[in-house]
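Worksheet for the structure shown next.
Numbering of residues begins at 1 and proceeds along the displayed sequence.
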Amino acid sequence: MAPSAAESPSAIQAERLRQDGNTYFKKDRFGAAIDAYTEAITLCPNVPVYWTNRALCHRKRNDWTKVEEDCRRAIQLDHSSFKAHYMLGLALQRRHEYAEGIKELERALDLGRGANPQSYIVEEIWQELAKAKYLEWEHESNKRSWELQTLKEACESALKEKLSLDSSQIEGFLDDTIDSNSAQLEALGQVFEKAAEADLPTEVPDYLCCKITLDIFRDPVITPSGLSYERAVILEHMEKVGEFDPITREPLHLYQLIPNLAIKEAVHAFLDKHGWAYKMD
C-alpha cells in the first residue's frame, strides 16, 4: 500500500526499517533486527511497536535489563500494550521482583483477553502468571522456613539452657526432671511443626478444575446444567463432537455459556494463597 500524503519521509523510512527488522527477526538475526528497530526508533521515537519489537529481540538474547527499559518506554506511549506489560512482567520476575511482575502479567492477561481472547499468547501469559505466582509463593515460603528454623533453634537453645539451670538447682527427682525437660522440648518441637504446616503443598480442589481436562481453570464458563468447563475445551467439544453438555448430555448452545466469575475469582484466590502451579510442558 502506498504511503499517504500525510506521512512524513521519516515515518515512511521508519516503517521500512520495522519491516526489515521483522525479516531479520524471522531469520533469528536478532542483532540485525535490533539495529533496524533502533534506527526506526531514532526516526520516530513515539511509536510503541518499535520499542516492543526491540524488546522481543532483547528477550530472545536474555538481555532482561534492556527488555525492561524498552517495555517501560512502550507502556509510557501506550498503556494498553499487552505485549509490553507481558514482557515487563517477565523481566521483573528475572530479578525476583515477584509482586510487581505478577501485577504486570495480570494486566497483560486482561488486555490480551480484551484484544484477542483466542490468541495463543493469552494462554502463554496465563501459564507465565501461574508460574510467577508459584515462584512468589516458593520464595516467601523458603524465607519463612529459614526464619522459622532460626527461631526454633534459638528457642531450643534458650529452653535447654533454662532447663539445665533448673536441673542443677534441684536435688533428687532426677528422672522426673529429665522426663519433664524432654516433654517441654517435644512440645516446643510440635509448636514449630504446626507453624510449618502452612507452607506444605496443597492439592487443587476439584471444584477449581475443569471436568474434562481435570486441570485448574483458566477461563471457566458455566452451562445451564450448573457444570463448569474450560471455555476453549467446551467450545472444541461443541464444534467437533456436538452441541450438548458432555456430562449431562443435555442440548447446549453457544449463547448459553456464561463466564463463571465466581470460580475465576476462587482460582485467583487459591493461587494467591497457596502458590499452586500446575505442571506445564
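Neither side chain, R16 nor Q19, offers a donor N or O lying under 3.5 Å from an acceptor on the other.
Note: I222 CD1 to L227 CG = 8.0 Å, rounded to the nearest 0.5 Å. Between the CE atom of M87 and the CH2 atom of W51 there is a distance of 13.0 Å, given to the nearest 0.5 Å. In this structure, the separation between CG on D219 and CD1 on I234 is 13.0 Å, given to the nearest 0.5 Å. To the nearest 0.5 Å, atom NE2 of residue H96 and atom CD of residue E136 are 13.5 Å apart. Separation of atoms CG (N260) and OG (S228) is listed at 4.0 Å; rounding is to 0.5 Å. The NE2 atom of H268 lies 12.0 Å from the CD1 atom of I263; values are rounded to the nearest 0.5 Å.
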_side chain to side chain contact (heavy atoms under 4.5 Å, CB included) for Y50 and L17? Distances and angles first, verdict last._
CA-CA 10 Å; Y50 300 161; L17 287 164; over 6 Å; no
*asked:* What verdict does the side chain to side chain contact (heavy atoms under 4.5 Å, CB included) test give for I258 and V221, after you've listed the backbone C-alpha separation in whole Å, the side-chain angles of each residue and the deciding distance to 0.1 Å?
replied: CA-CA 5 Å; I258 301 174; V221 293; over 6 Å; no
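Salt bridge annotation for R59-E68: absent, with no cationic side-chain nitrogen under 4.0 angstrom from a carboxylate oxygen. Looking at R107 and D110, no side-chain N of the basic residue comes within less than 4.0 Å of a carboxylate O on the acidic one, giving no salt bridge. We find that R218 and D215 are joined by a salt bridge, their nearest charged nitrogen and carboxylate oxygen being less than 4.0 Å apart. We find that K103 and E100 are joined by a salt bridge, their nearest charged nitrogen and carboxylate oxygen being less than 4.0 Å apart. Salt bridge R73/E69: absent, no basic N to carboxylate O contact under 4.0 Å.
Contact of the L252 side chain with the L257 side chain is registered, since non-hydrogen atoms from C-beta on lie closer than 4.5 Å. Using a 4.5 Å cut-off on side-chain heavy atoms (C-beta onward), V67 and L90 make no contact. Residues T52 and D70 are not in side-chain contact: their nearest non-hydrogen atoms beyond the backbone lie 4.5 Å or more apart. At a threshold of 4.5 Å between non-hydrogen side-chain atoms, the residues E106 and L109 do not count as touching. The side-chain heavy atoms of E230 and F217, taken from C-beta on, include a pair separated by under 4.5 Å. Contact annotation: the side chain of Q93 approaches that of Y98 to within less than 4.5 Å [non-hydrogen atoms, C-beta and beyond]. Put simply, the side chain of H85 does not reach to within 4.5 Å of the side chain of L105, judged on heavy atoms. Side-chain contact check for C57 versus F25: some heavy-atom pair is nearer than 4.5 Å.
Residues satisfying the side chain to side chain contact (heavy atoms under 4.5 Å, CB included) criterion with P259, sequence neighbours excluded, are R231, L261.
The residue from N53, V47, T23 that alone fulfils the side chain to side chain contact (heavy atoms under 4.5 Å, CB included) condition with R18 is N53.
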Review item, side-chain donor-acceptor pairs of residues 37-44, under 3.5 Å, at least two apart:
{"residue": "Y37", "atom": "OH", "partner": "G21", "partner atom": "O", "Å": "3.3"}
{"residue": "Y37", "atom": "OH", "partner": "N22", "partner atom": "N", "Å": "3.1"}
{"residue": "Y37", "atom": "OH", "partner": "N22", "partner atom": "OD1", "Å": "2.5"}
{"residue": "T38", "atom": "OG1", "partner": "I34", "partner atom": "O", "Å": "2.7"}
{"residue": "T38", "atom": "OG1", "partner": "R54", "partner atom": "NH1", "Å": "3.0"}
{"residue": "T42", "atom": "OG1", "partner": "T38", "partner atom": "O", "Å": "2.9"}

Using distance only, find each side-chain donor-acceptor pair of residues 235-247 under 3.5 Å and give its atom names and separation, not counting sequence neighbours.
{"residue": "E236", "atom": "OE2", "partner": "K240", "partner atom": "NZ", "Å": "3.0"}
{"residue": "H237", "atom": "NE2", "partner": "F244", "partner atom": "O", "Å": "3.0"}
{"residue": "E243", "atom": "OE1", "partner": "H253", "partner atom": "ND1", "Å": "3.2"}
{"residue": "D245", "atom": "OD1", "partner": "Y229", "partner atom": "OH", "Å": "2.5"}
{"residue": "D245", "atom": "OD1", "partner": "I247", "partner atom": "N", "Å": "2.9"}
{"residue": "D245", "atom": "OD1", "partner": "T248", "partner atom": "N", "Å": "3.2"}
{"residue": "D245", "atom": "OD2", "partner": "T223", "partner atom": "OG1", "Å": "3.1"}
{"residue": "D245", "atom": "OD2", "partner": "S225", "partner atom": "OG", "Å": "2.8"}

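Residue L129 is grouped with residue V267 when hydrophobic side chains (ILVMFWY) are merged at heavy-atom distances under 4.5 angstrom, including chains of intermediate members. Linking ILVMFWY side-chain heavy atoms closer than 4.5 Å, directly or via other members, places L56 and V49 in two distinct hydrophobic clusters.
Summarising the geometry of I75 relative to A84, their closest heavy-atom pair is CG1-CB, 3.6 Å, with the distance given to 0.1 Å.
Proximity of the aromatic rings of Y24 and F30 is defined here by a centroid distance below 6.0 angstrom, and this criterion is not met.
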